[in-house]
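Data block below; observations after.
Naming convention: chains lettered A, B, ... in sequence-line order (proteins, then strands); numbering from 1 in each chain.
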Amino acid sequence: MIPFAHILILSAVLFAIGLALVVVRKNAIIVLMGIELMLNAGNLNLVAFNQKNPELLEGHLFALVVMMIAAIEAAVALAIILKVYKLFQSVNLDEINEMKG
Amino acid sequence: MSDMITIAFYLFAGLSIISGIFMIFTKNILYAAFALMFCFLSLAGIYVLLGADFVAITQLLVYVGGVLVLLIFGVMLTVRVEGKSLQTGSHLKWGGALIGILWIGILVQLILQVDWTAVMTDQPIEASVNSIGKLLLSKYVIVFELAGLLLLIGLVGAAYIAGAKIRTK
């Protein structure tokens, strides 16, 4: 069997990688990728903890809802990024520093 | 059989971690997008090993087929055409490394303190698609309908934000 702690450690490492991407990178799209990676790490936890009560399938359904929210979030965030690119001609998060651009 | 599952888990785990670390260090946005694809694929493999077949298929359809294509579209639409267009830099390198390592340290210490033997069950893995379908239309039907409504609102909102405004006078 797969050691359960190792699944959780993998999830923690993926979450930390996503967090580092959000903190470190300049490009808004890569920040969005980091958010997706963090959501995936949470999904891995949900699917892993589903093994406590495998017949109820609560973890699987929760993971499916999280995936749906992530898809909507990616679509809306990319729309906002395209709008920001139209206004600033850049998606570098350091250059986007005006309100009511 | 059990050994094969464990070996495959470590293989997929290593692949996802390596591609995640590659995402942090690469300068090219498209390389980062493809590394994210490998990360999603290996996570789908791990879902299969954990007995979540429908979640794995949905991961392939939604993330690899949908979100990633959307992200690559975003990359293509927001880079300048001339010059070093696909390159991007980093800032706060030490801050990011510090936060990531601290976070891993805290979480790993917390995880290793707990005895997880009560969580694992040795029940045989069986297909979950039938049960998920029944649950979605009986116990979780409100969640299902709200998901559809939220998808519609998200679609309309994204099209409204990104689309060209037509001024009618």
Problem set entry | Contacting region of A:Val65 [heavy-atom separation from chain B under 4.5 Å] | side chain
Exercise. Which atoms of A:Leu44 come close to chain B, meaning under 4.5 Å heavy atom to heavy atom: side chain ones, backbone ones, both, or neither?
Worked result: both
Exercise. Are the side chain of A:Asn92 and the backbone of A:Asp94 linked by a donor-acceptor contact shorter than 3.5 Å?
Worked result: yes
Problem set entry | A:Ala75 portion near chain B, given a 4.5 angstrom heavy-atom threshold | both
Problem set entry | Contacting region of A:Lys83 [heavy-atom separation from chain B under 4.5 Å] | side chain
For this session: Against chain B, label A:Ile80 side chain, backbone, both or neither, depending on which of its atoms sit under 4.5 Å from a heavy atom there.
Result: both
Exercise. What part of A:Ile72 gets closer than 4.5 Å to chain B, counting heavy atoms only: side chain, backbone, both or neither?
Worked result: side chain
Exercise. When only pairs under 4.5 Å are counted, which of B:Ala52, B:Ala33, B:Ser131, B:Ala32 shares the most heavy-atom pairs with chain A?
Worked result: B:Ala52
Problem set entry | Minimum-distance pair of heavy atoms, taken over all atoms of B:Ala56 and B:Val48 | CB-CG2, 3.5 Å
Exercise. So which of B:Met23, B:Lys139, B:Lys93 has the largest heavy-atom pair count under 4.5 angstrom toward chain A?
Worked result: B:Met23
For this session: Grab the two heavy atoms, one from A:Val31 and one from A:Arg25, that are nearest each other, plus how far apart they are.
Result: CG2-O, 4.0 Å
Exercise. Going by heavy atoms in the side chains, are A:Glu36 and B:Leu68 under 4.5 Å from each other?
Worked result: no
Exercise. Taking all atoms of both residues into account, what is the closest heavy-atom pair of B:Ala35 and B:Phe22, and its distance?
Worked result: CB-CD2, 3.6 Å
